[in-house]
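Reading through the C-alpha cells given below for one structure.
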Amino acid sequence: MSKFDKVDLAYDFLVLRERNQESFTIEELAAATGWKVKTCKTYPTKTWNKFISRDGEQYTTLGIKYLSKEDFRHVNTQKNMDSIPQSERSINLKKAREFALLAVATYNNPFTEFKTYGFIVNIVIAYTSLFHAIFAKNGTPYNYLEEDGRPKLVDGEEKAWELKTCCQEYWPGVESAEKANLIFLIGLRNIIEHRGLPAVDLLTFGECQAAINNFENLVIKEFGETSALMINLALAMQLTRATQQAQIDAIKQFQTENFNVVKKFMEDYKSELSDEIVQSQQYRLRALLVPLVGKNAKQSDLAIEFINVSNLSEEEIETYESGIAFIKNVENQFKLKPTRVVALVQRKERNFNITTHTKFWKYYDARPSGNDKKYKGKYSGYVEGFDGYLYCQEWVRFIHEVYKDKTELEKVLRS
C-alpha cells in the first residue's frame, strides 16, 4: 500500500466537489478517504488552508482542480506552505508563461526587425510547454514511444511531443480556429526560417495577436486566473498608423521572388480553411484601436475598452456606435481565383475543369457576365486590384454538393 493512497483519494474527492461546485463536510471527507474524522479536521485549517474556505460545517475548495495529483502530494508533504511545488506540471507551466511573455516582448520591441519570426519561435515553445503542463496535470503521457513500447530517446533524453502532435492530441478530430491558428504559425515558421522577411509583419499581425489571446484563454481554462499573463502585461503603445510608404514598401517586397514561397503557403493554407474559421477572431484578430468617447470622461476608468460586438444587444450597439467603430468581416471572403476553385474541386472530381466551372457560375448566376465593380454576391465578388471576380470557399462546397445530385449535375453540364 502506497503512503499516498489516502492522499490520492482526498485529491479525487476534492477535485470532484470543486468541479461540481459542491461543498462537503468533514464526515464526507473521512468517508471518502478512510482517514479518521479527527485527522480530517486538521487538513482544511493547516495543510490545505490556501485551497479551502469554511462556512459553518460546510467546506468549499478553490484551486485544487488546477493542481496535478503530483502537486497535491507535494502539498501534503510540505511543512512550509510557501514552497512552490516543482512538479513536471509546474516547471512546464512556468516555462510556458515566460516564453509567452518573451514572444510579446520580442514583437513589441521597436528595435526588433524580424518581429513575426521572433514571436513565432517563442510562442511555439510557449504553447508546447503549456500543452506538456496540461498533459502532466491530467496524467497523460506525452513522449514518443518505440515499437516495443520503450520511450524514444534523442541524445539520451526522452523525446516529447512537438507542438503539432500536441494540437492533434488536445483537439482530436476537431477543426477549431485555435488549432488552425497554431498550425498556420508552425508552417509559417518553417517557411520563413531561412528568409529575411520583415514585411511579413504587416500581413500576419492578426494571427500573432490571436495566438497570444488564445494562449491566455487556454492558461486560464486549465490552470485558473492566477496563472494568467495579464498581470505581467500592459497594452503595447502603437503608432496611430503605418505610413503609406511603409505599406507600399511592404507590398512591393511581398511581390518579389523571395516572397513567392511564403505567399503561396499563406494563400494555400487559408484556402483550405472553412469561412467560419478564417473569419474567427480566434484564428485572426481583426480590430481597430479608436478613441473612447464617454458621456462623462471623469467616470472613465479605462482609456481603452475592448468590446465583443457579438455579446451586445441592439440597444447597446446603438449606444456605443456614437463613440466607437466596429469592424465585421474585415478580411475579404472572396479570394479564390477560378483556377484555384478548379484545383480544389478536382481533388474529388477529376473531370472538373475551367469550362465546367464556367457552366456552373452561369447556371447558378454566381456572378454577373459583365464587369460590375460593385458586385458582392453569395459566392463571388468583384475585387479591385485583381480586376475581376474571385470566389469564396462556400462556392467550392456548393459545387461538391451539386456533384452528389446526379440529376442536378446533368442539368448543369447540359446548359
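This chain uses plain numbering: 1 for the first residue, then up along the sequence. Because the structure is a prediction, the values reported are computed rather than measured. Only this structure's heavy atoms are used, side chains among them; waters, hydrogens and symmetry mates stay out.
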Task: For Ile277 against Ala177, the heavy-atom pair lying closest together - done: CG2-CA, 3.9 Å

- [ ] With rounding to the nearest 0.5 Å, note down the distance linking OG1 in Thr204 to OH in Tyr117.
- [x] 14.0 Å

Open item on the list: Within this structure, what is the CD1-CG distance for the pair Ile125 and Leu163, rounded to the nearest 0.5 Å?
Closed with: 10.5 Å

TODO: Hey, could you give me the CD1/CG distance between Ile64 and Leu14, rounded to the nearest 0.5 Å?
DONE: 4.5 Å

TODO: Verify, without hydrogens or angle tests, whether Thr42 (side chain) and Thr39 (backbone) share a donor-acceptor contact under 3.5 angstrom.
DONE: yes

- [ ] Please examine the side chains of Arg189 and Ile186, heavy atoms only from C-beta on, and report whether any two atoms are closer than 4.5 Å.
- [x] yes

Task: Residues Arg367, Asp372: salt bridge by 4.0 Å N-O rule - done: no

TODO: Decide, yes or no, whether a salt bridge links Arg340 with Glu267 under the criterion of side-chain N to carboxylate O below 4.0 Å.
DONE: no

Task: Donor-acceptor contact below 3.5 Å, side chain Lys179 vs main chain Trp171 - done: yes

Open item on the list: Counting C-beta onward and ignoring hydrogens, is there a side-chain heavy-atom pair between Phe119 and Asn122 closer than 4.5 Å?
Closed with: no

Task: Derivation and outcome, side chain to side chain donor-acceptor pair (under 3.5 Å), residues Tyr375 and Ser380 - done: CA-CA 8 Å; Tyr375 180 77; Ser380 72; 4.6 Å; no

- [ ] Compute the centroid of each ring, for Tyr389 and then for Trp361, and state whether the two points are separated by less than 6.0 Å.
- [x] no

Task: Thr33 to Leu9 - nearest heavy-atom pair and separation - done: O-CD1, 3.8 Å

Open item on the list: Between Lys115 (side chain only) and Asn109 (backbone N and O only), is there a donor and an acceptor less than 3.5 Å apart?
Closed with: yes

- [ ] Check whether any side-chain heavy atom of Lys152 lies under 4.5 Å from a side-chain heavy atom of Leu145, and answer yes or no.
- [x] no

- [ ] Kindly say whether Asn213 contributes a backbone atom to a donor-acceptor pair with the side chain of Glu216 at under 3.5 angstrom?
- [x] no

Open item on the list: Could you check whether Lys137 makes a cation-pi contact with Phe223, meaning its NZ or CZ is under 6.0 Å from the centre of the six-membered ring and within 45° of the ring axis?
Closed with: yes

Task: Glu158 side chain to Asn143 side chain, donor-acceptor N/O pair below 3.5 angstrom - done: yes

Open item on the list: Determine whether the aromatic ring centres of residues His132 and Tyr127 are separated by less than 6.0 angstrom.
Closed with: no

TODO: Find out whether Ile120 and Leu188 are in side-chain contact, i.e. whether some heavy atom of one side chain is under 4.5 Å from a heavy atom of the other.
DONE: yes

TODO: Give a yes or no answer on whether the side chain of Lys376 reaches the backbone of Tyr382 with a donor-acceptor pair at less than 3.5 Å.
DONE: yes

Open item on the list: Restricting to ring pair (Phe, Tyr, Trp, His ring centres under 6.0 Å), what partner residues turn up for Phe24, sequence neighbours left out?
Closed with: Phe13, Tyr59

Open item on the list: Main chain of Glu276, side chain of Ser280: is a donor-acceptor contact present, judged purely on distance under 3.5 Å?
Closed with: no

- [ ] If the plane angle is over 60° it's perpendicular, under 30° parallel, otherwise tilted; pick one for Phe131 and Tyr170.
- [x] tilted

Task: Heavy-atom check, side chain of Phe72 versus side chain of Val7, under 4.5 Å - done: yes

TODO: Could you tell me whether the side chain of Thr140 and the main chain of Ala136 form a donor-acceptor pair under 3.5 Å?
DONE: no

Open item on the list: Quick check: Trp395 with Phe334 (ring centres under 6.0 Å apart)?
Closed with: no

Task: Any side-chain heavy-atom pair of Leu16 and Asn20 under 4.5 Å - done: yes

Open item on the list: So, taking the atom named CZ in Phe205 and the one named CZ in Arg284, what distance separates them when rounded to the nearest 0.5 Å?
Closed with: 10.0 Å

Task: Point-to-point distance, once rounded to the nearest 0.5 Å, from SG of Cys167 to CG of Asn181 - done: 9.5 Å

TODO: Taking the side chain as every heavy atom from C-beta outward, state whether Tyr142 and Glu169 have any atom pair closer than 4.5 Å.
DONE: no

Task: Short side-chain to backbone donor-acceptor contact, Thr106 and Leu102, under 3.5 Å - done: yes

Open item on the list: Is there a side chain to side chain donor-acceptor pair (under 3.5 Å) between Thr165 and Gln168? Walk through the geometry before answering.
Closed with: CA-CA 5 Å; Thr165 301; Gln168 304 297 353; over 6 Å; no

Open item on the list: Quick check: Tyr379 with Tyr391 (ring centres under 6.0 Å apart)?
Closed with: no

Open item on the list: I'd like to check Lys159 versus Leu153 (side-chain heavy atoms, cut-off strictly below 4.5 Å). Are they in contact?
Closed with: no

Open item on the list: Just verifying a value: how many Å separate Ser274 OG and Arg397 CZ, rounded to the nearest 0.5 Å?
Closed with: 6.0 Å

